[in-house]
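Shown next, in structure tokens, is the structure this report addresses.
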Amino acid sequence: MKKPELVIIAAAVAAFILFAACDSSGGGGSVTEDDLQGIWVAVGEDEGTAKAMLFDISGNEFTRIAYTETIYPDMVQEEGSKGTFSISGDTMKVTVAEEWVDYENGWASDPDNFDIPISMSGDTFTINIDDQDVTFYKKSFSNPAGFEDRWYLNADDSIYMDLAGNGNYSYVDTDASYNSSGTWSATSDMFRIIETYGSDYGEDYYYEKLYYYELDGSNLKFSWDETEMYNFSNVTIG
């Protein structure tokens, strides 16, 4: 499951904890609000732990999700923020409205505002945090054909997820008496899950996961480090 070169950023990035007050003294190519529409992803690592960050931008509103690799083949939400932005020259002027609270797995009001240097080249934009550049690459997430089915983890009918063609997602672990639901989307190599309900948390739940994937007929594999994998099949054993 080879990770494409264009989404790899070489340096370990302490700046993955992204939004801290910054001096807006950076330079770069001219950027407009229209240029930034869509979903953008940066991938890298921090002291050997894989990290990723995603911007989902619509109009002047953004959702930013930071992910971290776990001991499982997961890239799960570590933190996030929502708010609005505007562009002034080579500066992204950010107004944060909400922050993601990890111990509640939901959003809470936490207003803040600050400026970030930004530049753009083609389908990438770069922001400068604490004198380190972080480059984001545009990714086209949708609900492509071939995923809609019931997928069993390790062909075990007690743990499964349902992927619908309209983007609806649900997950059931009957042994743990747990279920969750939300939405799914995919690019040619990445799979994004947004859970907005968890039976242990209720309706205010919000939790994201991001994977590289392989889809081969009746087999769907999720991974991040190319060694540990979640193996799903649309058929069960026995």
Side-chain angles (χ1 to χ4, degrees), residues 1-4 6-7 37-41 43 52-59 61-65 67 72-77 80 82 100 105-107 123 136-224 226 228-238:
M1 192 176 302
K2 188 178 187 299
K3 303 173 190 175
L6 81 165
V7 299
Q37 301 303 297
I39 298 176
W40 307 78
V41 179
V43 177
M53 185 170 287
L54 177 148
F55 271 101
D56 193 337
I57 296 174
S58 178
E61 297 181 344
F62 72 87
T63 299
R64 180 191 62 84
I65 305 296
Y67 311 85
Y72 305 104
D74 271 341
M75 183 65 78
V76 300
Q77 185 167 352
K82 290 182 177 182
W100 185 75
N105 293 98
W107 300 97
D123 283 339
F136 291 79
Y137 294 80
K138 194 163 192 178
K139 305 287 284 185
S140 296
F141 283 87
S142 63
N143 306 122
F147 288 92
E148 58 273 22
D149 213 328
R150 173 163 291 183
W151 298 92
Y152 301 92
L153 182 62
N154 298 322
D156 179 353
D157 62 6
S158 67
I159 304 175
Y160 59 86
M161 63 178 178
D162 288 321
L163 304 179
N166 63 0
N168 287 339
Y169 156 91
S170 63
Y171 174 86
V172 174
D173 184 339
T174 56
D175 293 336
S177 300
Y178 179 79
N179 66 89
S180 61
S181 60
T183 61
W184 70 273
S185 58
T187 70
S188 61
D189 66 327
M190 302 186 93
F191 195 95
R192 181 187 183 192
I193 293 171
I194 303 175
E195 294 184 339
T196 53
Y197 170 82
S199 57
D200 292 345
Y201 299 92
E203 297 291 345
D204 293 330
Y205 181 68
Y206 187 98
Y207 195 58
E208 290 207 21
K209 298 180 180 181
L210 190 68
Y211 301 99
Y212 288 108
Y213 75 87
E214 292 179 356
L215 177 61
D216 181 16
S218 62
N219 297 301
L220 175 58
K221 298 178 180 180
F222 293 154
S223 182
W224 194 259
E226 304 179 13
E228 299 289 337
M229 293 187 181
Y230 285 122
N231 295 294
F232 287 89
S233 174
N234 58 10
V235 295
T236 59
I237 296 174

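All values below were derived from every heavy atom in this structure, side-chain atoms included, with hydrogens, water molecules and symmetry-related copies excluded.
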- request: Taking the side chain as every heavy atom from C-beta outward, state whether D189 and K139 have any atom pair closer than 4.5 Å.
  value: yes

- prompt: Quick one: does L220's side chain get under 4.5 Å of L163's, heavy atoms only?
  reply: yes

query: Is it true that a side-chain atom of D156 and a backbone atom of S158 form a donor plus acceptor pair closer than 3.5 Å?
result: yes

message: Do N143 and N166 make a side-chain contact, defined as non-hydrogen atoms from C-beta onward lying under 4.5 Å apart?
response: no

Approximate separation, where rounding is to 0.5 Å, of M53 CE and I65 CD1: 9.5 Å

- prompt: Roughly how far apart are N234 CG and N219 CG, rounded to 0.5 Å?
  reply: 7.5 Å

- line: Residues W151 and L215: closest non-hydrogen pair is CH2-CD1, 3.8 Å

- request: Write down the atom of Y67, the atom of Q77, and the distance for their closest heavy-atom approach.
  value: CD2-N, 4.0 Å

message: Nearest 0.5 angstrom please: D56 CG to W40 CH2, how far?
response: 12.0 Å

query: Under the side chain to side chain contact (heavy atoms under 4.5 Å, CB included) criterion, do Y207 and I194 qualify, and how do the steps go?
result: CA-CA 6 Å; Y207 195 58; I194 303 175; over 6 Å; no

- request: Verify, without hydrogens or angle tests, whether W184 (side chain) and A164 (backbone) share a donor-acceptor contact under 3.5 angstrom.
  value: yes

- prompt: Just how far is it from atom OG1 of T196 to atom CD1 of I193, taken to the nearest 0.5 Å?
  reply: 12.0 Å

Close side-chain approach of Y197 to S199, heavy-atom, < 4.5 Å: yes

task: Quick one: do Y212 and W224 satisfy ring pair (Phe, Tyr, Trp, His ring centres under 6.0 Å)? Show the steps, please.
output: CA-CA 6 Å; Y212 288 108; W224 194 259; 4.6 Å; yes

query: Would you call V43 and Y137 a side-chain contact if the rule is heavy atoms closer than 4.5 Å?
result: no

task: Mind checking the CZ-OG spacing from R150 to S233? Nearest 0.5 Å is all I need.
output: 13.5 Å

message: Measuring from atom CG of N231 to atom CG of L153, what distance do you get when rounded to the nearest 0.5 angstrom?
response: 8.0 Å

- prompt: For D204, does the CG atom sit with more than 12 other heavy atoms under 6.0 Å from it, leaving out its own atoms?
  reply: no

- prompt: Between Y152, Y171, F222, F191, which is the residue that forms a ring pair (Phe, Tyr, Trp, His ring centres under 6.0 Å) with F232?
  reply: F222

message: Please tell me whether E208 and Y206 have a donor and an acceptor in their side chains that are separated by less than 3.5 angstrom.
response: yes

- line: Scanning both residues in full, the closest heavy-atom pair of V235 with A155 reads O-CB, 3.7 Å

- line: Between S223 and M229 the two heavy atoms that sit nearest each other are CB-CG, 3.6 Å

task: Answer whether the closest heavy-atom distance between the side chains of S140 and T187 falls below 4.5 Å.
output: no

- prompt: Which atom names give the shortest non-hydrogen contact between G198 and Y205, and what distance separates them?
  reply: N-CD2, 3.3 Å

- line: Exactly one of S181, S180, S170 clears side chain to side chain donor-acceptor pair (under 3.5 Å) with E195, and that residue is S180

- request: Grab the two heavy atoms, one from F141 and one from R192, that are nearest each other, plus how far apart they are.
  value: CE2-CB, 3.6 Å

